[in-house]
Amino acid sequence: MEQKVVLITGCSSGIGLSLAVHLASDPTKAYKVYATMRNLDKKQRLLESVRGLHKDTLAILQMDITDQHSILTAQSSITEGRVDILVCNAGVGLMGPLELQSEEMMRKILDVNLLGTIRTIQTFLPDMKRKRDGRILVTGSMGGLQGLPFNEVYCASKFAVEGACESLAILLQHFNIHVSLIECGPVNTDFLKNLMKTDLTGESEEVDTDTRSLYELYLQHCHNMFQNAAQDTDDIVQVFLEVIQSPNPLFRYYTNSALLPLSSLKFTAMDGSQYIRAMSKLIFTTKIADS
Ligand SMILES: NC(=O)c1ccc[n+]([C@@H]2O[C@H](COP(=O)([O-])OP(=O)(O)OC[C@H]3O[C@@H](n4cnc5c(N)ncnc54)[C@H](OP(=O)(O)O)[C@@H]3O)[C@@H](O)[C@H]2O)c1
């Protein structure tokens with residue numbers, strides 16, 4: 001059977017790296033994986049993970065999703081001339097009091113998470129439409145379904161991705177192209193280390209003491225969540241595989257069903273009040289002793 005050509009963004013670490021390794025290691029060589037990353041100096045980690053593999057299942061390409069030229073160059077390097085499965089995974093976080101977030105930081109988040117995802121889809125979509133065949137998988141976030149304090153712009157970017165994907169999914173079913181969001185809760189990756197965080201160590205006058213205390217509680221909550229509920233990338237990869245192998249993939253997949261009851265409050269009380277109350281209680285009653 002002909003190999004499925006898969007292109008994945010953000011393969012220097014985390015979910016993208018694990019997915020690339022897993023697909024490229026398929027014993028039947030069912031996939032040809034184009035693992036892309038914005039900085040090829042970081043390819044060593046991926047190369048070490050796939051040691052001993054045949055070159056016919058993996059190629060590594062430079063691709064910065066904030067740079068259209070870089071996306072087009074990567075596209076032109078695909079020897080098969082097509083992508084059957086596009087995985088839009090690259091993303092960055094931004095955390096801290098909103099009043100401390102610079103215009104530059106906010107633009108960067110939107111440029112990577114929202115516009116970068118859209119740019120990537122835009123580039124590969126015409127060919128999928130012509131073939132009347134394709135899969136688009138997007139790494140979503142519970143932060144794209146529910147607001148989180150101190151993550152306003154990150155959540156805005158991920159909510160926007162939800163809207164873009166849902167809109168596309170309606171249209172693309174007429175082209176036999178399946179769009180799926182893989183909604184992740186906390187995952188053990190470099191995400192927290194890599195996220196842009198506002199520095200509160202100084203005595204910034206822009207942030208009042210109440211906000212500072214609430215931010216401390218949020219950070220504690222975040223720490224507890226990652227310690228108690230974070231999944232490994234292998235668990236996330238299993239969900240991606242389910243989508244890739246399904247004859248008729250669904251639109252949304254949740255990697256961690258424990259996080260669903262909170263989200264569902266948005267639909268049981270459509271005015272939003274229940275969700276906001278429950279989330280506030282959950283986060284801001286965190287005790288330091290919980291950790
Ligand atoms: N980890 C979590 O708890 C979690 C939860 C929900 C959703 N997610 C989502 O999962 C996805 C993958 O994140 P991760 O957890 O695997 O974190 P990660 O280890 O930090 O991986 C993020 C990847 O995105 C890449 N990237 C950032 N900006 C890019 C750009 N302009 N062009 C191309 N690649 C770029 C990073 O490359 P560099 O190494 O060059 O920075 C890295 O390869 C993200 O979309 C994230 O929002 C993660």
Side-chain angles (χ1 to χ4, degrees), residues 7-22 34-46 49 60-74 86-95 105 107-121 123 137-146 148 151 153-162 164-165 181-197 221-237 239-240 252-256 258-259 263:
L7 183 137
I8 310 169
T9 66
C11 292
S12 67
S13 63
I15 297 168
L17 184 146
S18 286
L19 182 62
V21 170
H22 197 97
Y34 286 89
T36 73
M37 58 187 75
R38 63 176 163 173
N39 180 0
L40 287 181
D41 291 347
K42 294 189 176 178
K43 71 179 175 196
Q44 209 48 38
R45 199 159 154 189
L46 175 59
S49 308
I60 300 177
L61 298 178
Q62 194 278 339
M63 186 165 144
D64 180 341
I65 62 170
T66 65
D67 175 358
Q68 184 65 33
H69 177 71
S70 153
I71 301 175
L72 288 171
T73 306
L86 175 65
V87 181
C88 297
N89 163 74
V92 275
L94 172 61
M95 196 190 276
M105 282 169 146
R107 281 187 189 280
K108 185 175 171 195
I109 287 294
L110 293 168
D111 198 19
V112 177
N113 293 358
L114 173 61
L115 295 177
T117 300
I118 290 179
R119 259 181 222 114
T120 308
I121 295 173
T123 305
L137 280 66
V138 178
T139 311
S141 169
M142 292 310 284
L145 299 169
Q146 51 189 42
L148 298 169
N151 281 272
V153 184
Y154 175 73
C155 287
S157 72
K158 291 290 188 179
F159 268 64
V161 166
E162 297 282 323
C165 290
L181 276 157
I182 292 75
E183 314 285 12
C184 303
V187 188
N188 290 317
T189 66
D190 290 346
F191 186 74
L192 276 190
K193 195 179 88 196
N194 291 339
L195 63 71
M196 293 190 281
K197 221 161 149 191
H221 165 80
C222 205
H223 172 81
N224 292 347
M225 283 291 286
F226 269 85
Q227 201 158 40
N228 301 328
Q231 293 177 285
D232 288 330
T233 54
D234 282 350
D235 301 329
I236 309 300
V237 165
V239 182
F240 273 93
R252 277 200 185 89
Y253 290 79
Y254 302 91
T255 66
N256 187 344
L259 303 173
S263 260

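Both counts, for ligands and for their atoms, begin at 1 and track the order of listing.
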Between C165 and L181 the two heavy atoms that sit nearest each other are CB-CD1, 4.0 Å

Going by distance only, is there an N or O of V92 that falls short of 3.5 Å from an N or O of ligand 1?
no

Residue, atom and distance of the protein heavy atom nearest atom 2 (C) of ligand 1 read V187 N, 3.5 Å

Heavy-atom donor-acceptor pair, T36 side chain to Q62 backbone, under 3.5 Å
no

With a sphere of 6.0 Å drawn around CZ of R252, does it hold more than 12 non-hydrogen atoms of other residues, nucleotides or ligands?
yes

Which of the ligand 1 atoms, numbered from 1, are nearer than 4.0 Å to a heavy atom of T66:
31 (N)

Could you tell me, atom by atom, which parts of ligand 1 come under 4.0 Å of a heavy atom of Y154?
7 (C), 46 (C), 47 (O)

Can an N or O of P186 be found at a distance shorter than 3.5 Å from an N or O of ligand 1?
no

Between E183 and S141, is there a donor-acceptor pair closer than 3.5 Å when you use the side chain of the first and the backbone of the second?
yes

Does ligand 1 have any atom sitting under 4.0 Å from a heavy atom of G185?
yes

Under a 4.0 Å heavy-atom limit, does K193 contact ligand 1 with its side chain, its backbone, both, or neither?
neither

Is it true that K158 lies under 4.0 Å from ligand 1, counting heavy atoms only?
yes

Which bit of I15 is near ligand 1, meaning a heavy atom under 4.0 Å away: side chain, backbone, both or neither?
both

Strictly under 4.0 Å, does any heavy atom of M37 approach an atom of ligand 1?
no

Between N228 and N224 (side chain of the first, backbone of the second, donor and acceptor by atom type, cut-off under 3.5 Å), is there such a pair?
yes

Determine, using heavy atoms of D64 and all atoms of ligand 1, whether some pair is separated by less than 4.0 Å.
yes

Short side-chain to backbone donor-acceptor contact, S157 and Y154, under 3.5 Å:
yes

Structural part of N89 in contact with ligand 1, heavy atom criterion under 4.0 angstrom
both

Counting N and O atoms only, with roles assigned by atom type, does the side chain of T189 sit under 3.5 Å from a partner on the main chain of G14, one being a donor and the other an acceptor?
no

Is the closest heavy-atom distance from G140 to ligand 1 below 4.0 Å?
yes

Those residues that, when tested against D67, pass salt bridge (Lys or Arg N to Asp or Glu O under 4.0 Å) (two or more places apart)
none

Hey, does N39 come in under 3.5 Å of ligand 1, counting only N/O atoms on both sides?
no

List the steps, then state whether salt bridge (charged side-chain N to carboxylate O under 4.0 Å, His left out) holds for D190 with K42.
CA-CA 13 Å; D190 290 346; K42 294 189 176 178; over 6 Å; no

If the contact criterion is a heavy-atom separation under 4.0 Å, does M142 count as touching ligand 1?
no

Minimum non-hydrogen distance to atom 14 (P) of ligand 1, winning option of T36, T189, I8, T9:
T189

Using distance alone, decide if ligand 1 has a nitrogen or oxygen within less than 3.5 Å of any nitrogen or oxygen in S141.
no

Quickly, which of T9, T117, T139 forms a side-chain hydrogen bond (donor to acceptor under 3.5 Å, both in side chains) with N89? Name it, please.
T139

